[in-house]
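So the structure is just underneath, and the comments pick up after that.
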Amino acid sequence: MTLVPKLNASNPKVWVMIGVGVAGILILTEVKRRRLKGRNSIKQDYGAFIQRIELLPFPQPPPPAAPLSLSALTFAISDNIDVKEYVTGFGSPDWKQTHEVATKTAMLVTALLKNGSTCVGKTIMDEFGLGITGENGCYGTPLNPKLPSHIPGGSASGSAVAVAAELVDFALGTDTTGCIRVPAAFCGVFGFRSSHGAVSTIGVLPVSQSLDCIGWLARDPSVLHRVGHVLLHMPSVEPKRTRCFVIADDLFQLCMVPKQKTVYVVTKVIEKLPGYQTPRHLNLGQYIASNVPSLKGFIDQSTIQQNGMSTLGALSSVMFLLQSYEFKTNYEEWMKAVKPRLDSQVSNYIAAAVTSAPENIKVLYRVRTEMRVAMKNLLKNDGILVLPSTADPPLKLKSRQGLSAEVHDRTFALLGIASMSGCCQAAIPLGEHDNYPISLSFIASHGTDKFLLDTFLDMYSSLQEEVSVQSSASPLQDTNGSIDESELLKEKGNAAFKGRQWYKAVSYYTEAIKLNDNATYYCNRAAAYLELGCFQQAEEDCTTAISLDKKNVKAYMRRGTARESLFFYKEALQDIRHALVLEPQNKFASLAEKRLRKLIS
């Protein structure tokens with residue numbers, strides 16, 4: 001006997017049940033359709049846009065007048081730039097819900113429209129511009145077209161992705177602590193941070209007025225250059241100047257990309273081009289330590305980082321203190337009133353900013369002023385500093401622990417230089433290494449933006465050619481020193497070391513190594529390299545010494561010092577612990593272990 005009752009078609013309850021069932025099916029179908037449509041739209045625009053808009057260019061001049069400089073180009077803007085009749089969202093739904101539409105369009109957007117370009121949308125950014133990963137917990141993370149499983153970099157993540165994915169010709173954002181330079185490097189496009197105050201920020205939400213600069217990104221160097229001419233109001237013709245390059249050797253030690261693909265490429269191109277002087281080499285950390293005296297109070301005296309790296313760490317610390325102080329001044333009242341929902345990393349930063357109270361604000365501004373003067377004295381009006389744009393490849397997506405302490409320190413040691421000096425900086429794509437984009441940076445003095453834009457545009461085709469040559473060349477061998485004999489040479493090296501003649505000591509140890517592959521010689525040369533701030537070479541020598549003598553305590557200690565100076569804290573801790581296993585009573589190793597544990601935690 002069946003348990004299912006017969007349905008009576010004349011019963012109105014039956015039709016109600018059928019109607020509810022059909023409605024449910026239709027609703028489910030529509031939900032699925034909308035989800036699929038949403039996914040497809042994300043695939044189409046790589047999740048770069050927070051809002052699609054269309055701002056048409058101003059009327060073009062009739063023929064025979066030449067077309068405007070940005071005619072037929074499209075661009076996007078970060079969500080912190082005003083457009084009339086739209087709410088500027090600052091990367092935060094809560095900010096957007098509590099603010100009115102803008103009454104005017106930002107001046108820089110108007111300038112671009114007047115010169116023939118079309119704005120097609122607003123792009124996703126890190127909430128409140130606080131971050132360099134490009135991840136936004138509310139709107140999602142734009143998909144890096146170069147490395148889909150890795151972060152795009154931020155805070156101008158959507159702008160960089162829109163450019164890299166060829167959705168627009170160029171895009172705008174702001175750069176406070178690396179917000180244009182990092183996504184440019186991670187997405188393999190050009191990025192330009194203008195000199196502080198060079199481009200109007202009227203109609204742009206500030207993060208930290210002392211650090212904020214307008215920046216833009218493009219795939220084509222000529223487009224980046226043309227946008228610069230419009231925004232910077234630059235004259236079309238300027239007297240040609242000699243170009244003097246300064247290579248920051250200590251900063252390249254923070255980068256894992258072989259110098260053959262960076263420094264060597266630039267050096268070879270400079271040799272070929274007229275009006276370019278032979279580059280000189282510099283330990284920038286040491287230079288800043290000697291020329292920015294107000295930084296001394298921010299250097300951790302317990303650190304064993306030597307020859308400038310601790311100075312660069314102190315500089316980035318001052319940068320964050322200044323950013324926190326000004327962000328708090330700008331937004332503390334709103335934060336307390338609204339209590340916005342925030343991503344955990346942004347929430348931690350804002351909580352720290354709101355509760356921070358630097359003892360002497362004037363010192364922070366003094367460091368900034370001294371830094372600008374120091375860079376002006378170094379580069380003058382014809383100098384260009386060469387350095388890596390970033391130290392490490394982009395993290396994988398959903399690395400919820402965020403930047404490790406060592407990656408953070410290496411990254412901001414590079415980014416703090418332009419941010420704290422107000423200099424202009426160009427991030428230039430330079431091929432790949434291990435399938436990750438390589439990005440090299442040029443920094444020029446505050447106010448010499450046109451000179452910098454002209455320089456990299458002049459060089460770029462030659463850089464591309466040299467990159468192609470080097471990508472097919474065999475690796476270069478690093479050689480150090482000149483020629484001299486074995487134990488006698490070691491003793492001469494020791495005497496030179498005691499006399500603080502570091503280069504001479506390296507030379508003697510090198511000649512001793514040529515005659516005898518001895519662990520002590522490598523370890524001694526590593527000590528001289530540490531004094532010179534050549535941390536990569538010191539690390540390599542210590543590694544060789546350890547391979548020859550597994551019980552060489554000094555080699556472990558010195559390699560730990562080198563790795564700490566390169567901000568590889570975990571690896572440094574391993575070395576120090578090896579030294580403690582071999583010498584449990586080593587006081588220096590015990591102190592180093594405590595310090596490194598504190599840095600990692």
Using 4.0 Å as the upper bound for N to carboxylate O, is an ion pair formed by E432 and K146? no
For Y509 and T520, indicate whether the former's side chain and the latter's backbone hold a donor-acceptor pair under 3.5 Å. no
Side-chain heavy atoms of P152 within contact of P183, under 4.5 Å: no
Would you call the rings of H578 and Y556 parallel, tilted or perpendicular, where under 30° means parallel and over 60° means perpendicular? parallel
Hey, does the side chain of D382 reach the backbone of C244 with a donor-acceptor pair shorter than 3.5 angstrom? no
OG of S159 to CH2 of W216: how many Å apart, nearest 0.5 Å? 13.5 Å
Of the non-hydrogen atoms in F412 and T177, which two are nearest, and what is the gap between them? CE2-O, 3.5 Å
Heavy-atom closest contact (L385 atom, L379 atom, distance): N-CD2, 3.8 Å
Within a 6.0 Å radius of atom NZ on K376, are there more than 12 heavy atoms belonging to other residues, nucleotides or ligands? yes
Are any non-hydrogen side-chain atoms of D449 and F192 less than 4.5 angstrom apart? yes
Give me the ring orientation class for W502 and F497: parallel if the planes are under 30° apart, tilted from 30 to 60°, perpendicular past 60°. perpendicular
Check whether any side-chain heavy atom of L147 lies under 4.5 Å from a side-chain heavy atom of K396, and answer yes or no. no
Write down the atom of L452, the atom of A444, and the distance for their closest heavy-atom approach. CB-CB, 4.0 Å
Do Y276 and M459 come within less than 4.5 Å of each other through their side chains, counting heavy atoms only? yes
Is it true that a side-chain atom of E466 and a backbone atom of V265 form a donor plus acceptor pair closer than 3.5 Å? no
Interatomic distance, D250 atom CG to H281 atom NE2 [nearest 0.5 angstrom]: 12.0 Å
As a quick check of understanding, evaluate side-chain contact (heavy atoms from CB on, under 4.5 Å) for L211 and M420, giving each step before the final call. CA-CA 7 Å; L211 305 173; M420 283 301 291; 3.9 Å; yes
Counting C-beta onward and ignoring hydrogens, is there a side-chain heavy-atom pair between V367 and F298 closer than 4.5 Å? yes
Answer yes or no: is there a donor N or O on one side and an acceptor on the other, between the side chain of S590 and the main chain of N586, under 3.5 Å? yes
I'd like to know if the side chain of Y522 pairs up with that of D517 as donor and acceptor (distance under 3.5 Å, no hydrogens or angles considered). yes
In terms of relative ring orientation, are Y436 and H150 parallel, tilted or perpendicular, with 30° and 60° separating the classes? perpendicular
Distance-only side-chain donor-acceptor flag, Y503 / E531, under 3.5 Å: no
Could you check if a side-chain atom of T267 sits within less than 4.5 angstrom of a side-chain atom of I247, using non-hydrogen atoms only? yes
If we ignore hydrogens and angles and just use 3.5 Å, is the side chain of S445 paired with the main-chain N or O of K380 as donor and acceptor? yes
Given N291 and L378, is the side-chain contact (heavy atoms from CB on, under 4.5 Å) satisfied, shown in steps? CA-CA 10 Å; N291 290 275; L378 174 66; over 6 Å; no
Could you walk me through whether M371 and I417 pass side-chain contact (heavy atoms from CB on, under 4.5 Å), step by step? CA-CA 8 Å; M371 185 65 187; I417 296 159; 4.0 Å; yes
Donor-acceptor pair, E406 side chain versus Y569 backbone, under 3.5 Å? yes
Check the pair S195 / R372 against side-chain hydrogen bond (donor to acceptor under 3.5 Å, both in side chains), numbers first and verdict last. CA-CA 11 Å; S195 292; R372 182 173 297 185; over 6 Å; no
Side-chain donor/acceptor of Y264 to backbone N/O of P258, under 3.5 Å: no
When you measure from the centre of the six-membered ring of F568, is the NZ or CZ of R410 under 6.0 Å away and within 45° of the axis? yes
Are any of the side-chain heavy atoms of R243 and F451 separated by less than 4.5 Å? yes
Answer whether the closest heavy-atom distance between the side chains of Q574 and R559 falls below 4.5 Å. no
Would you give the length of the straight line joining atom CG of L312 to atom CG of L415, rounded to the nearest 0.5 angstrom? 11.5 Å
Verify the neighbour count for atom NZ of K598: are there more than 12 heavy atoms of other residues, nucleotides or ligands below 6.0 Å? no
Would Q323 and Y349 count as a side-chain contact (heavy atoms from CB on, under 4.5 Å) here? Give the steps. CA-CA 11 Å; Q323 182 190 33; Y349 177 86; 2.9 Å; yes
Is the distance between the ring centroids of Y460 and H225 under 6.0 Å? no
For D175 and G178, indicate whether the former's side chain and the latter's backbone hold a donor-acceptor pair under 3.5 Å. yes
For V161 and P145, the nearest pair of non-hydrogen atoms, with its separation, is O-CG, 3.9 Å
